[in-house]
Amino acid sequence: MFLKLNEIGDKIAIAASGGKDSTVLAHIMKLLNERYLNRKIFFHWLLQRYDYGLDLFLLSIDEGISGYRDDSLETVKRNQLEYQLPLKILSYKDLYDWSMDDIVKEIGRKNNCTFCGVFRRQALDRGAVMLGVDQIVTGHNADDIAETVLMNILRGDIARLQRCTFIKTKSEETIPRSKPFKYTYEKEIVMYAYFKKLDYFSTECIYSPNAYRGHARVFLKDLEAIRPSTILDIIHSGEAFETSAESNPTNVTVPGVCNRCGYMSSRDLCKACLLLEGLNRGLPKLGIGNTEKLRKKHLDEKEKSIGEYSSSKRTPGNPFIQNFNDLKLGSDLKKPL
Amino acid sequence: MGLQKADLGEKNKVLIAYSGGPSSTLLLNLTQTFHESSSHKKFVDVEIINIDESSMDDRNIEVAKKISEVANKSNFNYTQLKLESILEGCSQEFKKHLLFDGENPNSTSLLASNEEVFKHYISSIQSKDSVQDSIKNIKLRLILQHAKDRNCGLIFFGDNSTRIACQSIAMASKGRGYSFPIDFSLSTSWYNGFVIIKPLKDILVKEIGIYNKLNNLDSFPFFDGLEKLFGNKVSIDKLTEDFIIGLDVEFPSTVSTIFKTITKATTSVNDTCLPCKNCLGPIKSNCDIWLASHSVTRLETITNPVEELEVRNIELCYIACLKSPTCFVSIWIIHFTVLEAIEVSALTEKEDDLLPDTEFSCRASIKERSSTLESSVPINVLVQLQKLLTLV
């Protein structure tokens with residue numbers, strides 16, 4: 001599994017939230033990488049094929065949730081010291097001029113997870129570009145994947161339903177992401193963290209109890225109580241669904257880039273830019289629900305201003321985020337002590 | 001409703017699966033109106049079938065009578081079959097084997113009725129989910145057999161969109177996502193060439209309820225009788241139904257969203273897939289490899305060397321059987337003959353390998369059936385086996 005997901009000598013960013021999954025992931029990645037790297041030194045001729053030689057980084061996103069993320073980031077920082085891995089922290093505030101606390105004040109407790117999820121996904125990709133990594137690994141476990149399959153059916157997201165079970169993303173447009181714990185039950189990860197006495201942060205996000213995902217989570221746990229193999233069964237179901245490209249090779253949509261920020265988007269304006277525009281205009285629900293008309297309308301209005309936009313002119317309060325193509329290897333890496 | 005002329009074929013006979021519930025009541029009513037009002041008949045004839053579930057719950061006796069009254073009022077041929085009629089044609093020896101409780105071979109009566117055997121079989125199943133799956137499979141098999149006997153090319157089911165939404169989530173939870181395009185399509189000819197059509201699939205249960213109320217169409221909900229066996233223990237189907245209906249109250253478009261999503265979902269299922277011997281649905285290839293790579297079930301628990309040897313013998317027979325055209329029959333014969341030789345616990349560990357030709361979700365369901373091997377085998381599979389053996 002480890003070798004299938006990673007190429008020898010890859011630069012890998014571990015998405016670290018400080019929670020159990022990412023902590024165990026960082027621990028295992030570090031452990032396996034060093035175990036086989038050290039063996040190579042002593043048994044070079046015998047174990048050459050096991051030489052992972054991965055260059056590992058920790059990548060954290062600070063959503064700006066006081067009382068939750070600030071504490072979990074402290075855990076990440078402690079793990080950084082223990083594992084001696086470089087750490088990069090990107091905050092929503094720096095990237096988008098909005099923290100999640102600010103967003104929740106605007107939008108309320110409902111739908112705030114939409115903002116957080118969209119912004120985090122892009123923030124991770126931005127961080128990965130800044131670190132110059134070849135791949136991002138995330139700590140999604142089997143329970144998360146099963147939950148996502150159910151969620152995608154419940155909310156009618158057929159495109160995501162068909163690709164959410166991929167262990168590694170197939171798009172060539174963005175930095176590949178993989179989920180090494182795809183078939184690992186959440187309880188196994190917790191047990192591993194417990195027995196290895198790993199330092200992790202176990203508090204639930206203070207804004208998540210109102211999320212739609214919570215319904216799917218409760219349902220999944222009830223299902224598991226009836227049939228313990230349900231989680232893998234759901235993943236099996238999810239894997240059976242084919243993407244439109246697989247079922248009909250002629251019906252392949254070529255992903256483009258956002259006209260504004262340069263991030264991968266199948267439309268002219270990416271979801272993050274649309275949500276951000278809504279926030280900046282005082283219309284936070286602008287990007288929620290069916291946004292096709294809004295995207296077009298908004299693009300027409302802002303066409304001129306986009307042309308004038310340059311990343312070098314970015315100032316605090318500017319509603320535009322830095323263009324993806326202008327991102328460079330960051331020099332502010334926090335080096336291990 | 002998107003039904004093509006090609007789906008209906010040329011002058012076919014229609015069999016309506018009538019359960020007495022609101023959807024099938026509406027289906028019967030609409031088919032009758034459509035068939036009788038049209039001067040150019042689309043169908044040669046229409047027949048009705050009802051599966052009487054009295055053996056599951058005594059309260060269904062009254063329900064079955066009322067259903068018969070309504071069905072007989074229509075001008076169509078009507079047949080009522082009991083669940084236990086799946087055992088018709090089976091020898092007494094075979095029934096005795098089913099009744100055998102594993103302890104006292106003399107305890108079984110020589111002339112057991114089908115109902116007795118069926119009830120015994122159902123009561124020996126330990127999981128509510130497995131009972132529900134068994135009943136569903138038996139019903140399907142009876143309907144298909146009746147359609148074959150009566151030469152009906154079309155079978156109408158009254159599944160509505162609410163039911164389909166609930167079923168789809170439940171089936172996804174059981175690992176049956178692969179057969180979605182067959183299970184939830186408007187029409188499918190997967191089942192032995194019979195065209196199964198679900199004309200009400202786009203209609204919500206609420207809409208059906210309102211229509212029935214306005215048109216004074218009475219429905220008769222039946223009882224599954226499972227509370228006697230399992231108390232208030234919840235099954236996946238029931239849990240899913242409660243979840244979806246509850247979610248639909250809070251988020252009113254839930255059912256229609258799920259319905260639209262699963263009807264758009266595509267899989268690699270096609271006509272070349274093998275049918276499952278239990279549920280008759282398509283089997284996804286390489287399921288064994290998938291299971292083997294994601295499970296840790298092994299035979300290491302066997303400590304007795306004699307048992308180990310027996311298991312190896314089974315494996316050898318199993319491999320040999322795979323090359324034989326009658327491999328399915330052979331495998332089940334082995335399944336029975338090894339009963340006395342090895343511990344059931346050891347065998348159940350190996351059930352995945354001993355259940356070839358079964359669909360992924362059926363394997364989990366079969367595993368949950370019972371700790372004893374006889375009742376772990378689905379009755380419809382047993383009956384099929386027995387009939388095959390009789391022919392041999």
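Chain letters run A, B, ... following the sequence lines, proteins first, then strands; residues in each count from 1. Keep in mind the model is a prediction, meaning the values are calculated, not measured.
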What part of [X] is in contact with chain A, defined as an atom under 4.5 angstrom from a non-hydrogen atom: side chain, backbone, both or neither?
X: B:Leu247; value: side chain
X: B:Ser361; value: backbone
X: B:Ile262; value: side chain
X: B:Tyr178; value: both
X: B:Phe259; value: neither

Between [options], the one whose heavy-atom pairs under 4.5 Å with chain A are most numerous:
options: B:Val234, B:Asp129, B:Asp242, B:Val269; result: B:Val234
options: B:Ala170, B:Ala172, B:Ser173; result: B:Ser173
options: B:Lys128, B:Met171, B:Lys284; result: B:Lys284
options: B:Ser168, B:Gly246, B:Pro181, B:Gly177; result: B:Gly177

### Query
Between A:His236 and B:Trp290, how do the two ring planes meet: parallel, tilted or perpendicular, split at 30° and 60°?
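Ring orientation of A:His236 relative to B:Trp290: perpendicular.
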### Task
Check whether A:Leu150 gets within reach of chain B through its side chain, its backbone, both or neither, counting any heavy atom under 4.5 Å.
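For A:Leu150, the contact with chain B is made by the side chain alone.
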#### Entry: Part of A:Leu161 lying under 4.5 Å from any heavy atom of chain B
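For A:Leu161, the contact with chain B is made by the side chain alone.
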### Task
Report yes or no: does B:Asp248 contribute a side-chain atom to a donor-acceptor pair with the main-chain N or O of B:Thr254 at less than 3.5 Å?
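It does hold such a pair.
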### Query
Is a side-chain N or O of A:Lys182 found less than 3.5 angstrom from the main chain of A:Thr165, in a donor-acceptor match?
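Judged by distance alone, yes, a pair lies under 3.5 Å.
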Pairwise side-chain contact, [X] with [Y], heavy-atom cut-off 4.5 Å (strictly under):
X: B:Met56; Y: B:Val131; answer: yes
X: B:Asp133; Y: B:Cys279; answer: no
X: A:Phe119; Y: A:Ile103; answer: yes

### Message
So that I can tick it off, tell me whether A:Lys221 and A:Asp143 are bridged by a salt bridge, with the cut-off set at under 4.0 angstrom between side-chain N and carboxylate O.
### Response
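Here A:Asp143 pairs with A:Lys221 in a salt bridge, since their nearest N and O are under 4.0 Å apart.
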### Task
Indicate whether any N or O donor in one side chain lies under 3.5 Å from an N or O acceptor in the other, for B:Ser235 and B:Asp237.
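Note: B:Ser235 and B:Asp237 side chains miss the donor-acceptor criterion.
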#### Entry: chain B interface, residue from A:Ile153, A:Thr230, A:Leu232 that has the most non-hydrogen pairs under 4.5 Å
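Top option by heavy-atom pairs under 4.5 Å: A:Ile153.
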